Amino acid sequence: MNNTEKLAERGSKVIMNTYSRFPIAFDHGEGMYVWDMDGKKYLDFVAGIAVNSLGYSNPKLGKKIAEQSMKLIHVSNLYYTEPQIELAEMLCENSCFDKVFFCNSGAETIESALKIARKYAAMKGKSGRTIITMEKSFHGRTYGAVTATGQDKYHKGLDPLLPDIKHVPFNDFEAIEKAADDSVCAILMEPIQGEGGIIPAKKEYLQKVRKLCDEKDIVLLFDEVQCGVGRTGYLFAYQAYGVEPDGACFAKGLAGGVPIGAFMAKDKLAQAFKQGDHASTFGGNPFATSCGTVVMHELLDGGLLDNVKKQGELLSKRLIELKQKHSIIKEARGFGLIQGIELTIPAGDVIADCINNGLLLVGAGANVIRFVPALIVTEKEINEAMDILDKALFRAEEK
Ligand SMILES: *Cc1c(COP(=O)(O)O)cnc(C)c1O
């Protein structure tokens, strides 16, 4: 057994069996590459599932982590700290939102969104408490977030779930219009469904949903945990569509790999949370938020957004070329650095072949391969990844 296999075996004895893991153990990374315990090098198009926005071993992030950890890591939200305020200002000044609630993960931002939506209805004296979410959506694994998630496989054996959550088909305005009766207080959706298979919303659909919510005073919430914070080539995914939600959830890439979540809202909605209504011990600690300021700086002043737009176009072009070449590719979808290809066969074998050949990829549902590399990816690395994938697709077709 090599070192990687040995560690995988040790891990399987003590780590709860909730993940189907690859038998790979990583040791260190740099830029777009990561090395296993035996020195095998991988080009990473997973980025910790859309988390490592600045790649591995980013010097600016490393320096900030070293400095901030020797100043303050945590003091609680009984007090103010400069990194928390600075990140909140950067987020608010560059978005349509007025206020931030910081937490530590995507699921926690969803809990914040679900709670504030019902609080808002209560504040307005509305009786309806139903929240509409989408089929094929993914919102996380806490009880509220998993109930909001519109995929049965995540609900098995968990009953009873949170009451009054209703799932409707995504990108289907008639379905949402029909469901949006007086019992409904909020609609929650991903502008680009991630886990469900990289499915972008249609622009007219989001525009119509926005109008419906305005007419009925329904709170519109976007889950941008995966597609937000630069991944679309826009700072926030809603900006790519020109449709403003009342509140939105951000997490994954926001602090370059350090756990963080940010639920943001316009004042109208934010005021539904009063003192004592919601909290998080670790949320917004100076350590995580200082890392968030480094990522935001790179996006706003470091040219990173332009890189995402440019490399996203190249990735689209290369994926469309692959589709023309390989009949097992049914569709290429997405934009920026959140893209996917749907295959006519299960994606697992193609992904495994790519991993064997030094390219990390992850699926999104059974038949979709997802591409969510670090936002620093270059043309050379996209071409390298596409060449490995091209060969794997040929081998899959020969079978
Ligand atoms: C990953 C994800 C979540 C859950 O985030 P966690 O940090 O795992 O709790 C929620 N929504 C979307 C769209 C996600 O991709």
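In each ligand, atom 1 is the first atom listed, and ligand 1 is the first ligand listed. Every value quoted in this text rests on a predicted model; they were computed, and no experiment measured them. Throughout, residue positions are numbered sequentially from 1 according to the sequence presented.
- Inside a 4.0 Å radius of atom 8 (O) of ligand 1 there is not any protein heavy atom.
- Between His278 and Ser112, the side chains place a donor N or O and an acceptor N or O closer than 3.5 Å (distance only, hydrogens not considered).
- Ligand-side atoms of ligand 1 in range of Lys252: 1 (C), 2 (C), 3 (C), 14 (C), 15 (O), range being under 4.0 angstrom from any heavy atom.
- Here is the list of ligand 1 atoms found below 4.0 Å of a heavy atom in Gly140: 4 (C), 10 (C).
- Counting the atoms of ligand 1 from 1 in the order shown, those under 4.0 Å from a heavy atom of Glu190 are 13 (C).
- Remark: Lys41 is positioned above the aromatic ring of Tyr33, its terminal NZ or CZ atom under 6.0 angstrom from the ring centre and at most 45 degrees off the axis.
- At a heavy-atom cutoff of 4.0 Å, ligand 1 is contacted by the backbone of His139 but not by its side chain.
- Protein heavy atom nearest atom 6 (P) of ligand 1, with residue, atom name and distance: Gly106 N, 3.5 Å.
- Contact atoms of ligand 1 toward Gln226: 15 (O) (distance under 4.0 Å to a heavy atom of the residue).
- The atoms of ligand 1 that sit less than 4.0 Å from any heavy atom of Ala107 are 4 (C), 5 (O), 6 (P), 9 (O).
- Side-chain polar atoms of Ser183 and Asp181 form a donor-acceptor pair below 3.5 angstrom.
- Side-chain contact check for Glu9 and Ser12: no donor-acceptor pair (N or O, by modelled atom type) lies under 3.5 Å.
- Residue-ligand proximity, Asp223 to ligand 1, at heavy-atom distances under 4.0 Å covers atoms 10 (C), 11 (N), 12 (C), 13 (C).
- Look at Arg231 and Glu224 and you find no salt bridge, because none of the NZ, NE, NH1 or NH2 atoms lies under 4.0 Å from a carboxylate O.
- A side-chain N or O of Gln339 and one of Ser316 form a donor-acceptor pair less than 3.5 Å apart.
- Using a 3.5 Å distance cut-off with no hydrogens or angles, the side chains of Thr378 and Glu381 do pair a donor with an acceptor.
- When only modelled atom types and interatomic distance are considered, Tyr120 and Asp246 share no side-chain donor-acceptor pair under 3.5 Å.
- Checked against a 3.5 angstrom limit, the closest N/O atoms of Val225 and ligand 1 fall outside it.
- Close contacts of ligand 1 with Ser105, meaning ligand atoms under 4.0 Å from a residue heavy atom, involve 7 (O), 9 (O).
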